[in-house]
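Quick notes on the structure that follows.
Heavy-atom basis, side chains included; hydrogens, waters and symmetry copies ignored.
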Amino acid sequence: MNGKLRKKTLLILNYAVNPNHPIFGHQYETIQHLAGYFEKIIVITNEYNATALPENVHVHLSGWEDSKALKSAFRFYKTLFRVTGSQRI
C-alpha cells in the first residue's frame, strides 16, 4: 500500500470477473489492484470465474437473465440492498 490512505469500501458493478473473458478480462486485474487501497470491495457481477481474489474482495452474483429483464432487475436491486445494507459506500 506504500503509505497511502486506505479508503473504507468500494462498490463495483460489472458484467464479468473472469480473467479469461475476451472483453472484460481486465476487470480481474483491476479489482486485484484496487484491493490494496480499500478495506473492503463489494463486487456485484453477472459472471464470476476467478480463483484468487484478495480476502477483502466480496463477490456477489446478480443472476441476470436476458429473457427475464424485469425479474432480473428486481433480483439485482435486491442483491444490491442486501450486500450494502446501511453501509456508507
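- Atom CD in E55 sits 13.0 Å away from atom CD1 in I41 (nearest 0.5 Å).
- What you find for H60 and H58 is that their closest heavy atoms are CD2-O, 3.7 Å.
- Residue Y48 is not grouped with residue Y15 when hydrophobic side chains (ILVMFWY) are merged at heavy-atom distances under 4.5 angstrom, including chains of intermediate members.
- Just one residue in the list N14, V59, T45 forms a side chain to side chain contact (heavy atoms under 4.5 Å, CB included) with I31, and that residue is N14.
- Note that CD1 of I44 is 4.5 Å distant from CG of L80, once rounded to the nearest 0.5 Å.
- Atom CD1 of I12 is separated from atom CG of L34 by 5.5 Å, given to the nearest 0.5 angstrom.
- Nearest heavy-atom pair, W64 versus A69, reported as atom, atom and distance to 0.1 Å: CH2-O, 3.7 Å.
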- prompt: Would Y28 and L53 satisfy side-chain contact (heavy atoms from CB on, under 4.5 Å), going step by step from the backbone distance to the final call?
  reply: CA-CA 8 Å; Y28 175 74; L53 286 172; 3.6 Å; yes
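- In terms of the side chain to side chain contact (heavy atoms under 4.5 Å, CB included) criterion, residue partners of N18 (sequence neighbours excluded) are, by chain and number, N20, H21, E47, N49.
- Y77 and L70 end up in different hydrophobic clusters when Ile, Leu, Val, Met, Phe, Trp and Tyr side chains are linked at under 4.5 Å.
- Taking the side chain as every heavy atom from C-beta outward, Q27 and F24 approach each other to under 4.5 Å.
- Cluster annotation: I23 is not connected to V17 through the hydrophobic network of ILVMFWY side chains, with a link wherever side-chain heavy atoms come within less than 4.5 Å.
- Between the S62 side chain and the F76 main chain, no donor and acceptor come within less than 3.5 Å of each other.
- With sequence neighbours excluded, the residues that form a ring pair (Phe, Tyr, Trp, His ring centres under 6.0 Å) with H33 are Y37.
- P54 is linked by a side chain to side chain contact (heavy atoms under 4.5 Å, CB included) to Q32, A35, N56, V57, counting only residues two or more places apart in sequence or in another chain.
- Using modelled atom types, one side-chain atom of S72 and one backbone atom of E65 make a donor-acceptor pair closer than 3.5 Å.
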